[in-house]
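Throughout, a chain's letter reflects where its sequence line sits, starting with A, and its residues are numbered from 1. The shown structure was predicted, so the numbers you read here are calculated from the model rather than taken from an experiment.
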Amino acid sequence: MMAFYFSRLVEIFPFFLTGLWMTTKVAFISLITCTLIGFILGMIRASNNVLLKRLVGIYVAFARGTPFVVQIFIVFFIFPEWGLQLEAFPAALLAMAIMGSAFVCEIVASGINSIPKGQWESAASSGLSKMQQLRLVILPQSMKVIVPPLVGQYVLLIKDTSVVSVIGVMELTRVGWVTVVRIPEGLMVFALVGVLYFSISYPLILLSNYLERRMAI
Amino acid sequence: MIEFKGVNKWFDKLHVLNQINLMIPKGEVLVICGPSGSGKSTLIRCINKLEPIQKGEIIVNEMSVHKPTTNLTKLRAEIGFIFQQFHLYPHMTALQNIMLAPVNVKKITKVEAEKIARQKLERVGLSEKADSYPAQLSGGQQQRVAIARGLAMSPEIMLFDEPTSALDPEMIGEVLDVMVSLALEGITMCVVTHEMGFAKKVADRVLFMDEGKIIETGKPTDFFDNPKTERAADFISKILTH
Amino acid sequence: MLDNFNFRIIFEYLPLFLNGLKFTFLISLVALFLALITGIIACACRISSIKVLKYPVIAYIEIIRSTPLLVQIYFLYFGLPTLGIRVPEIQTGIIALMLNSGAYIAEIIRAGINSVDQGQIEAGLSSGLNYVQRMRFIILPQALGVTVPPLLGQAIVLVKDTSLLSLISVVELTRSGQTMTSERFMPSEAFLTVAFFYMCIYFCLKALADWSQRKLIFREAY
């Protein structure tokens with residue numbers, strides 16, 4: 001029986017590859033949007049503007065304090081009531097952006113805050129504007145603190161894309177879920193799904209370990 | 001008491017100890033100096049096997065330090081080691097720091113260990129700091145507690161790895177005073193330091209190292225006033241101008 | 001935006017939410033406790049020099065870290081029955097959470113042990129303390145201080161992760177939101193309430209984590 005299911009699984013393997021492609025697509029787009037939005041929010045969070053800082057703080061607390069699956073439900077089921085009707089795929093991307101950018105924001109903000117005040121002061125003394133101080137002096141130094149946890153966060157984001165399966169995006173986890181109904185070999189099906197996830201996230205884990213060791217020096 | 005026989009050590013390709021032969025008799029106070037990276041810290045760290053060696057032999061009290069069968073616990077219990085950065089245990093009070101090894105290695109009772117610990121604290125002039133945590137003590141006080149911690153095992157040998165280099169200038173004196181009184185008591189001491197005053201006052205011998213080799217040894221007055229080699233003369237002139 | 005927000009219906013469904021909250025609490029507590037034990041054992045194996053303990057545990061940790069929790073949950077949910085093991089969904093869920101968090105906790109503890117300054121170990125060595133004594137008196141007490149804040153961080157992650165159990169129909173907080181949505185189509189009321197409760201748990205744990213961060217860390221004073 002096992003062997004039979006195994007050959008069925010081999011037959012429909014291309015289906016898994018389309019799932020892997022969808023996962024890669026969601027992950028890739030999300031990583032870019034999360035990084036962009038996260039850096040902007042992070043710079044605001046580390047700034048001196050009390051009001052904006054607070055607003056970003058509330059947003060971050062919401063995004064970090066509630067489970068991602070609840071956030072997906074909010075985007076997919078509640079946003080339409082507020083006039084934003086989205087298909088599953090863009091809804092998934094939006095939810096990923098909301099959640100992921102909050103985590104990136106915190107990493108960026110703590111990276112900026114890790115730079116001693118003297119660096120701001122000496123940059124200001126040489127006549128640089130606030131933006132220049134940040135761009136030319138502070139950010140280049142804080143990248144050392146930001147990059148290793150950022151890559152670690154990317155691994156988490158890639159794995160979180162599995163949750164968008166709940167609104168029917170045909171990515172890897174959804175493919176496994178659909179398959180297991182027809183081929184009732186749960187261990188085999190989800191081991192395969194796991195292996196495919198492993199193939200994208202493990203290289204990133206190794207990269208993050210490497211960066212952590214290198215930056216620690 | 002301590003004997004180096006043809007000791008060689010490499011860090012990867014760097015030859016940090018190059019054919020060291022050295023005899024330190026019982027009761028001697030030996031000061032080791034030399035430019036940074038000359039291997040002087042490594043030399044004394046080998047004596048209690050904080051560092052492995054690749055060639056040669058070190059013998060302490062008839063025990064071959066780097067032989068796998070040597071009872072390291074026993075060996076280390078007979079050697080006190082003082083670090084540049086003190087390395088007091090931050091989660092323990094001064095008293096607990098001192099009592100830890102006697103209770104757990106020598107297996108003496110807590111009451112007895114506390115008695116010894118208080119004696120040693122008094123010895124370094126810090127009786128009133130028994131219940132302070134390291135973070136509440138100044139650098140000089142921390143180093144004196146570290147010395148008391150070493151003394152509590154009643155070692156026959158004390159090794160000091162740049163004990164005053166991490167200290168603010170005004171605290172160096174209090175640590176050196178304790179070390180001088182130890183030297184006068186007749187404990188065998190190896191001290192890596194650039195403190196010339198200390199060397200002149202109590203050292204029996206000064207040893208100058210550079211690039212992993214022993215370049216020169218001699219009586220402190222001879223060494224500092226009439227160095228035999230150019231490298232030593234150069235080094236002494238540099239530490240004098242500072 | 002929320003002009004049609006119906007508070008009355010939330011009160012009507014309050015018992016459902018509170019029941020869900022109760023189970024979220026219970027599942028989190030049990031899973032966290034089991035994950036701690038798993039993590040401690042896994043970490044002990046991970047840092048040991050015995051190869052038959054070390055390498056399987058490395059494989060376990062790496063597999064958990066590089067696959068999504070949801071896939072791990074489905075793996076057990078659909079996989080255990082094919083092995084002839086039939087356990088209630090809630091137990092399947094707790095096992096999945098235990099294995100998942102256990103791997104992360106093992107790494108947190110290991111990082112704590114590694115964070116203890118090498119000089120501390122040398123000081124212990126110099127006074128003749130053996131491995132067990134150094135672990136017990138010097139390394140673990142200091143590692144504990146550094147591990148508590150990230151452990152509480154992991155607890156926050158774990159509480160949020162319990163929400164995924166709703167997808168294998170375990171009754172908990174998120175599930176009660178789904179139940180309410182399917183009975184009355186009022187997703188705003190349902191999921192914003194659910195989000196509110198999660199936020200409450202989050203703020204408590206976050207405050208605790210921040211407090212422990214300030215309180216518990218011993219630093220070597222130079």
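A 4.5 Å side-chain heavy-atom check between C:E62 and A:I205 finds at least one atom pair inside the cut-off. Using a 4.5 Å heavy-atom threshold, the side chains of C:V71 and A:Y197 count as touching. Residues C:Y77 and A:F190 fail the side-chain proximity criterion, which asks for heavy atoms closer than 4.5 Å.
Rounded to the nearest 0.5 angstrom, C:S188 OG and A:F77 CZ are separated by 11.5 Å. Note: A:S162 OG to C:I73 CD1 = 9.0 Å, rounded to the nearest 0.5 Å. Here the CD-NZ distance, from A:Q71 to C:K160, works out to 7.5 Å after rounding to the nearest 0.5 Å. Within the model, atoms OH of C:Y202 and OG1 of A:T66 stand 9.5 Å from one another, a figure rounded to the nearest 0.5 Å. Interatomic distance, C:L70 CG to A:D160 CG, rounded to the nearest 0.5 Å: 10.0 Å. Considering CD of C:Q178 and CZ of A:F73, their distance stands at 4.5 Å, rounded to 0.5 Å.
Residues of residues 86-105 of chain C having a heavy atom under 4.5 Å from any heavy atom of chain A, listed by number: C:Y104.
Of the two parts of A:P184, only the backbone, made up of N, CA, C and O, holds a non-hydrogen atom closer than 4.5 Å to a non-hydrogen atom of chain C. Contacts of A:F62 with chain C are made by both backbone and side-chain atoms, with heavy-atom separations under 4.5 Å. For A:V180, the part sitting under 4.5 Å from any heavy atom of chain C is the side chain, from C-beta outward, and nothing else. When heavy atoms are compared at a cutoff of 4.5 Å, A:S199 does not approach chain C at all. Neither the backbone nor the side chain of C:L205 comes within less than 4.5 Å of any heavy atom of chain A. Using a 4.5 Å cut-off between heavy atoms, C:F197 does not touch chain A at all.
When the shell of 6.0 Å around CZ of C:F185 is examined, it contains more than 12 heavy atoms from other residues, nucleotides or ligands. Annotation for C:E12: atom CD counts as buried by contact number, over 12 foreign heavy atoms lying within 6.0 Å. Remark: C:F25 CZ is loosely packed, at most 12 non-hydrogen atoms of other residues, nucleotides or ligands lying under 6.0 Å away.
In summary, the side chains of C:T82 and A:E185 do not present any donor paired with an acceptor at a separation below 3.5 Å, with no hydrogens or angles considered.
Here the closest heavy-atom approach between residue A:G194 and residue C:T67 is recorded as O-CG2, 3.4 Å.
Interface remark: of the candidates C:S66, C:G79, C:P81, C:S66 forms the most heavy-atom pairs closer than 4.5 Å to chain A. Ranked by heavy-atom pairs shorter than 4.5 Å toward chain C, the options A:P67, A:S165, A:G186, A:P80 are led by A:P67.
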Residue pair A:V189, C:F78: steps toward the side-chain contact (heavy atoms from CB on, under 4.5 Å) verdict: CA-CA 9 Å; A:V189 171; C:F78 292 110; over 6 Å; no

Distance-only criterion, 3.5 Å: show the donor-acceptor pairs between side-chain atoms of residues 107-115 of chain C and protein atoms not counting sequence neighbours.
from	atom 1	to	atom 2	distance (Å)
C:E107	OE1	C:R110	NH2	3.3
C:E107	OE2	C:R110	NE	3.3
C:S115	OG	C:G112	O	2.7

